[in-house]
Every structure is written in C-alpha cells, then in structure tokens.
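Before any comments, here is the structure.
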Protein chains: 2
Amino acid sequence: MTTMEKGKPGRRGRPREFDQERVLDRAMTVFWRHGYEGASLSELQRATGLAPPSIYNAFGSKQGLYEACLDHYTEGVGSRVTEPLDGARADREGMRRVLMNAAREFSDPDRPRGCMISTAALSVGERHTDVGRAVCARRARTLGAVEAYLVRAQQEGRLSAQADTAALARHFGAIIQGMSVQAGDGADRAELEAMADVAMGAWPPG
Amino acid sequence: MTTMEKGKPGRRGRPREFDQERVLDRAMTVFWRHGYEGASLSELQRATGLAPPSIYNAFGSKQGLYEACLDHYTEGVGSRVTEPLDGARADREGMRRVLMNAAREFSDPDRPRGCMISTAALSVGERHTDVGRAVCARRARTLGAVEAYLVRAQQEGRLSAQADTAALARHFGAIIQGMSVQAGDGADRAELEAMADVAMGAWPPG
DNA sequence: CTCTTTTCATAGTGATCACTACAGAATGAG
DNA sequence: CTCATTCTGTAGTGATCACTATGAAAAGAG
C-alpha cells in the first residue's frame, strides 16, 4: 500500500490497446448466436482479436464477459424494443409498438436472429446454474417493466380495471419469447408482425 | 457372411441387461434439464447406470441418444399436451385445452420445468448445428399440427373464414414457447393458466 | 463341445475446455 | 533515471469433453 493520492481512475500502467465497445459488440454476437456454453473461449478470441489474458484482465471470467455482453445487449437492441414502455401515455398502441419493435429487431438480417436474453440459458449444465439465474433475473426485470406499463395504462383509464395485469404481462412476455424462438427457427419479419397483430387481440376491449 | 436363415430379430449374442425405456426416461430427464450441450456424457452415465460402450452400442452417439430422447418425450409429455388436436371437432375449446395441458405439464413438480423441445437447442455451438436443426424441425412439425387444426376449425365453421390461420398458429405456438420459458423461470401452474386464458382472447370472435 | 455374435467392464484416446504463469512492453509517479 | 503498475503475447495448466480399443462374459447355432 504505497501512496495513492487520488481514487481517480488512475491511468497508471500500460494503456489498453483495444476498444472495449468494439470487443463487447463482437463477443455479444458470438454469445448471442451460440449461447453461453456453445460459445468457446477460442471463438471469442477469434471474434474479439483478444488473447486470453486481456479478456480475463478486463472481464474476470467467461461469465463476466457474458454478463457484460448482456448489459451491452440491453442497452442496444433491448432498449430499441422496450422503448415505448417509457412513453408519456401507457396504452394499447404502446404495447403494440413493443411487439412490432421485437418483430423488427429479432429478424434483423445483420444480426443473429431472435433475442439474446428472452430465450437464453434456459437449460445449462450443472456448473453454470448461476449463469441461468443471471439471465432469468433479466427476463424477470423485463416482465416487471411490462406489468408496470399495464398498471399505468389501467391507472390512466386506458386498460380495463378488471384486467389481470400480471397475466397480461406474462402473455405479452410469452409473445416476445415465442417470437425469439420462431425468429431463430427462420420466421421473417412479416410473419412475426402478423403474429404480433393476432396477439394484440388479447388486449381487453373497452 | 455365414448362413443367416431369417432376417427375424435374431436374438443372437449376449442379451441386454438394461431396460431401454428406463434408460431413455433417465437420459431424457438429464437432457431436458441441462440441454444437449449442458448434459455431459458422465452425467448421462450416472443417470442411466450405463457405461459408455453400452450407450454407444445402443444409440450410436450422444446426438443419437438425444434424438431418441426427443422421440420419447414427444410420445409421452408431448402427446399429453397436443392430444386435443386429434379430437373429433376442431374448435376454440380444443385449442384452449392444449394450452391448459401445457400449463399443467410444464409445471409438473416431478419433472424438469418447461418443454423439452419448445425452447431447446436455440443457440448451440458451431459443431452442433445439426442438433439445432433436428429440434427446429420438431417445433415446425408441432406448429404445422396446430395450423392444420385451425384450418379444420375453419372448414367446420368454428373459426372465422377471415382468420389468418398461419399467424394464429404462430401465436399459439409462441404462447406454448413462452410458457416453457416462464415455467423454467419459476412460474407456477396457476400463473401459466391465467396467461393461457388471456391468450385465448386472441381467438377471433364469431 | 466350438464358433459366432452381441453386450459389458476396464481403462484409456486425443481434443478441447476455461483459465493462468511468466516475462516483456508501455505507461505514470517520484 | 528507478520503481510500481497495468497490459500484451507466448505457451502452457489440469480438467473434462465425447468417444473407443480391448477383452471377457453371455447368449444361440451347429
């Protein structure tokens, strides 16, 4: 413990030679396409251009890198899907826009198909149960955001007071998860949008 | 090529010492819980009580055992879910019963949660893309069965002729897939049933 | 009995897994 | 400058992966 005047982000030592955002984007794509267990460290090396020590110095472990990629995904694709939930008014149209956003994002030809979180780490090996819990927690957070939106719609008088907001939230969550599965299986944007339109029929009348 | 009088199931050689059904049941449970990649051969050995040579002699490979387990699942749990699709009349109530069956089966406390096929092998490693395709094909078959049921309902006049049966089938497929995800995340039977009830609101009126 | 066939048990195979020891290189602190 | 610190590249670590070589055991055929 020598003198360490400031707690500032002391730029001591050799500086990093890689762009963290770029690395996260490449690694995210690998995890997105192959899942946590299916993504090998050697493939992550190839994709990021980083040698193992750099990865471990920056992210601690494969799981650390994975969780950083989950955050990166949430901030990017995830926010583009759920953005209507932050709108001024909570109503049927906002919910519909969320589903349409998902249809668009999950079928983007420039990225892996489906959602990186909705259908990730559903069944992992015995040694990686904590990874499953981490992804589960993120799904729960999204489900909570949807339900909060529905409660808000109810309070604003745009959703029937009799509606079961928890069940409705689970329903729309299921649609998003199902769209993720089917996008991965090859469904295109138009098919996902048509499904989303059908799903909106579950929004209670009135 | 010596004399081989009959092509009958010649019971020549040392007989098997294990019960194939029992082995399939145990292996299925392991794959169901941990997925294809997450299930290690050593765990499958422990669960089935079989040594590697017995497994490979009987099923050829890990993938061969996996696909045998998928068939075993389809014949058991799967058929208990989709059984109403074979009913004499195709209508709203039949579709509802499928969802309710799924809610019950996916939350059975005596088995792994969720569906072994609906949400399996969605993102696998580079070396196992054929496993992903095999599971995808089974999901496509189920989706086709649902759509055929809806077409039948339409022909029988119990579903509006204007209804988009393909989109409706995708919708109910998504509900089943979403129930599988959420069951795995801890949703109980009552929650899944409530979600299914909401989803039935997407069945076109008339 | 012998011969062939099939299954079973032991004990491994090379390959790949996630991860790290080590030393050199690049910076700031003093 | 020297020292401490942080990062990078090389070259591995033991562990586990799916899988198999080998030979004995257990059955039918002749």
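Just the heavy atoms: all of them, side chains too, but no hydrogens, waters or symmetry mates, feed the values below.
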Both B/Ala51 and A/Pro52 contact DNA chain C. Which one's nearest nucleotide lies toward the 5' end?
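Its nucleotide being nearer the 5' end, the pick is B/Ala51.
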Measure from [atom1] on [X] to [atom2] on [N] and round the result to the nearest Å.
X       : N      : atom1 : atom2 : value
A/Arg46 : C/dC17 : CZ    : P     : 9 Å
B/Leu65 : D/dC19 : CG    : C1'   : 13 Å
B/Arg16 : C/dA9  : CZ    : C1'   : 16 Å
A/Glu37 : D/dC17 : CD    : P     : 11 Å
A/Asn57 : C/dC19 : CG    : P     : 14 Å
B/Ile55 : C/dA9  : CD1   : C1'   : 13 Å
B/Gln45 : D/dC17 : CD    : C1'   : 12 Å
B/Arg12 : C/dT7  : CZ    : P     : 12 Å

Sugar-phosphate only, base, or nothing, as touched by A/Pro15 at under 4.0 Å among non-hydrogen atoms:
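It contacts sugar-phosphate atoms only.
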Could you check if a side-chain atom of [X] sits within less than 4.5 angstrom of a side-chain atom of [Y], using non-hydrogen atoms only?
X        : Y        : value
B/Asp108 : B/Arg189 : no
B/Phe172 : B/Glu147 : no
B/Val131 : B/Glu37  : no

Would you mind telling me which residue lines up with the more 5' stretch of DNA chain D, B/Leu41 or B/Glu17, judged by nearest nucleotide?
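The residue mapped nearer the 5' terminus is B/Leu41.
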Think [X] has a side-chain N or O under 4.0 angstrom from the OP1 or OP2 of [N]?
X       : N      : answer
A/Ser42 : C/dC17 : yes
B/Ser40 : D/dC17 : yes
A/Ser54 : D/dC7  : no

Side chain of B/Ser61 only, please: which of D/dC19, D/dT16, C/dC8 is the nearest?
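Selected nucleotide (nearest to the side chain): D/dC19.
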Between D/dA18, C/dT10, D/dG9, which one does the side chain of B/Tyr56 approach most closely?
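Looking only at heavy atoms from C-beta outward on B/Tyr56, the closest nucleotide is D/dA18.
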Is there a donor and acceptor pair closer than 3.5 Å between the side chain of B/Arg14 and the base of D/dA25?
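Looking at the base of D/dA25, it does pair with a donor or acceptor on the side chain of B/Arg14 (distance under 3.5 Å).
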Is any NZ, NE, NH1 or NH2 atom of the basic residue among B/Arg46 and A/Glu126 found under 4.0 Å from an Asp or Glu carboxylate oxygen of the other?
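Salt bridge between B/Arg46 and A/Glu126, a charged N being under 4.0 Å from a carboxylate O: yes.
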Please assess A/Val77 against A/Arg80 for the test side-chain contact (heavy atoms from CB on, under 4.5 Å), listing each intermediate value before the final yes or no.
CA-CA 5 Å; A/Val77 176; A/Arg80 285 200 294 277; 3.5 Å; yes
